[in-house]
Amino acid sequence: MSEEFRALHRRGEPLLLPNAWDYGSAALLAREGFAAIGTTSLGVSAVHGRPDAAGATKAETVALAGAITGLGVMVSVDVEGGFSDDPAEVAELVAGLAAAGVVGVNLEDGRADGTLRPVRLHQEIIEAAKGHGVFVNARTDTCWLKTGDPSERVRAYGHADGIFVPGLSDLGDVAELVELTPLPVNILYQPGGPGLDELARAGVARVSTGSLLYRASLWGALSTLAAVRPSGSREETVMPSYGDITAMLPGPR
């Protein structure tokens with residue numbers, strides 16, 4: 001199954017990977033005919049009232065992964081930074097996910113405090129995740145956190161199966177990144193940014209929605225509620241941003 005998932009990553013013909021946050025959202029996406037779906041760490045964290053990107057939702061993420069692999073679609077799981085800085089623990093996590101039927105994982109180098117994991121350590125984390133039959137998507141948060149050198153990180157993570165650079169939206173920068181690595185490049189879709197066709201022409205192999213669908217669902221709920229309220233109290237609603245959601249979540253403990 002992981003080889004089938006790998007084959008969906010074609011430069012210039014990107015896989016659109018929608019991201020679910022619970023069983024219901026995953027089941028809906030599966031019903032819509034998507035061959036593969038991912039999970040979103042922000043959505044999982046918010047559903048359970050935990051901070052995002054802080055290693056606080058390992059059990060919840062594993063439980064969700066185990067539940068949705070039975071939906072008949074390929075599943076890639078956002079495991080933040082592997083929920084540990086110990087390569088052996090990351091290897092154990094990925095092996096367990098593989099045994100549950102997961103075909104891919106995202107491993108990020110960003111930390112909750114806004115810093116990046118040291119390059120050498122993240123290389124070891126990536127290596128620990130390999131060898132279990134899953135597609136290892138190495139995510140660098142250099143653009144997301146506006147720190148570090150994305151080119152250095154992309155080159156350093158060349159032993160992964162794919163490269164993910166969220167926060168990168170300029171088409172020229174995307175095309176340069178694609179030329180920098182032989183690995184399939186994953187870009188995060190951003191409303192108002194390049195569309196799927198434009199990203200395809202830039203050579204992207206995978207486009208993820210990240211937390212967008214979860215945030216859009218909350219926006220839809222607020223919009224529906226606004227229509228129910230008395231007309232004098234109605235206000236225009238806007239989609240909550242990533243920052244809006246994280247600001248409402250508890251801090252790391």
Side-chain angles (χ1 to χ4, degrees), residues 1-21 25-43 68 71-78 102-108 134-144 150-151 153-154 157 160-220 223 238-242 245:
M1 184 72 80
S2 62
E3 289 305 314
E4 184 181 350
F5 181 61
R6 186 187 305 275
L8 295 177
H9 295 72
R10 295 185 291 270
R11 182 177 292 203
E13 298 180 54
L15 163 69
L16 176 58
L17 188 76
N19 297 82
W21 58 94
S25 58
L28 182 65
L29 294 170
R31 193 185 72 180
E32 287 299 302
F34 288 96
I37 60 176
T39 65
T40 163
S41 68
L42 176 65
I68 65 179
L71 290 171
V73 296
M74 291 175 274
V75 175
S76 181
V77 178
D78 182 348
V102 167
V103 299
V105 294
N106 275 353
L107 278 171
E108 64 197 47
V134 303
F135 185 100
V136 179
N137 206 33
R139 168 176 156 173
T140 178
D141 284 339
T142 49
C143 295
W144 192 252
S151 298
R153 294 275 171 162
V154 168
Y157 305 159
D161 298 300
I163 293 290
F164 184 21
V165 188
L168 190 65
S169 59
D170 179 84
L171 282 173
D173 292 339
V174 171
E176 288 183 12
L177 173 64
V178 169
E179 292 305 313
L180 188 63
T181 175
L183 299 180
V185 170
N186 184 184
I187 296 296
L188 180 70
Y189 174 78
Q190 301 178 66
L196 199 63
D197 289 345
E198 293 174 296
L199 292 170
R201 288 193 292 272
V204 171
R206 171 165 149 186
V207 177
S208 302
T209 59
S211 66
L212 176 62
L213 301 184
Y214 172 70
R215 293 184 289 109
S217 75
L218 297 183
W219 186 25
S223 299
V238 296
M239 185 188 301
S241 68
Y242 176 90
I245 303 300

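As a basis for the values below, the full set of heavy atoms in this structure was taken, side chains included, without hydrogen atoms, waters or symmetry mates.
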One should read off an interatomic distance between Ser223 OG and Leu218 CG, to the nearest 0.5 angstrom, of 10.5 Å

Separation between NE2 (His9) and CG (Leu17), nearest 0.5 Å, reads 7.0 Å

Scanning both residues in full, the closest heavy-atom pair of Tyr189 with Gly195 reads CE1-CA, 4.5 Å

Residues Met74, Leu8; criterion side-chain contact (heavy atoms from CB on, under 4.5 Å); working and verdict: CA-CA 11 Å; Met74 291 175 274; Leu8 295 177; 3.5 Å; yes

* Short question: side chain of Glu179, backbone of Glu176 - any donor-acceptor pair under 3.5 Å? -> no

Q. Any side-chain heavy atom of Asp173 within less than 4.5 Å of one from Val165?
A. no

**Prompt:** Quick one: does Leu16's side chain get under 4.5 Å of Phe34's, heavy atoms only?
**Reply:** yes

Is the shortest side-chain heavy-atom distance between Leu213 and Trp21 below 4.5 Å? yes

| message | Check whether Ser2 reaches the backbone of Val103 with its side chain - one donor and one acceptor, N or O, closer than 3.5 Å. | response | no

Between Pro18 and Ala36 the two heavy atoms that sit nearest each other are CD-O, 3.6 Å

Crowding at CZ, Arg31 (>12 non-hydrogen neighbours, <6.0 Å) = no

- Query: Side-chain contact, heavy-atom cut-off 4.5 Å: Val134 with Val77?
  - Reply: no

Notebook entry, point to check: Given the rule in the side-chain contact (heavy atoms from CB on, under 4.5 Å) test, do Ile187 and Leu168 qualify, once you have shown the distances and angles that lead to the verdict?
Noted result: CA-CA 7 Å; Ile187 296 296; Leu168 190 65; 4.3 Å; yes

In short, Ala202 meets Val178 closest at the heavy-atom pair O-CG2, 3.4 Å

dist Met239:CE -> Ile245:CD1 (nearest 0.5 Å) comes out at 10.5 Å

| task | State, without any angle test, whether Thr209 and Asn19 hold a side-chain donor-acceptor pair at a distance under 3.5 Å. | result | yes

Taking it one step at a time, do Phe135 and Arg206 satisfy side-chain contact (heavy atoms from CB on, under 4.5 Å)? CA-CA 13 Å; Phe135 185 100; Arg206 171 165 149 186; 3.8 Å; yes

Exactly one of Leu177, Leu171, Val174, Leu196 clears side-chain contact (heavy atoms from CB on, under 4.5 Å) with Val204, and that residue is Val174

Closest non-hydrogen atoms of Leu42 and Ser211, given as atom of the first, atom of the second and distance, are CD2-CB, 3.5 Å

Problem set entry | Within-4.5 Å side-chain heavy-atom neighbours: Val105 and Asp78 | no

Ile163 side chain reached by Leu180 side chain, heavy atoms, under 4.5 Å
no

Minimal heavy-atom distance between Asn186 and Phe164, with the atoms involved, is O-CD1, 3.2 Å

- prompt: Do Asn106 and Asn137 have side-chain atoms, one donor and one acceptor, less than 3.5 Å apart?
  reply: yes

Taken to the nearest 0.5 Å, the spacing of Leu212 CG from Ser217 OG works out to 10.0 Å

Is the shortest side-chain heavy-atom distance between Tyr157 and Leu183 below 4.5 Å?
no

With a 4.5 Å limit on heavy-atom distance, are the side chains of Arg139 and Pro166 in contact?
yes

Heavy-atom closest pair (Ser169 atom, Gln190 atom, distance to 0.1 Å) is CB-NE2, 3.6 Å

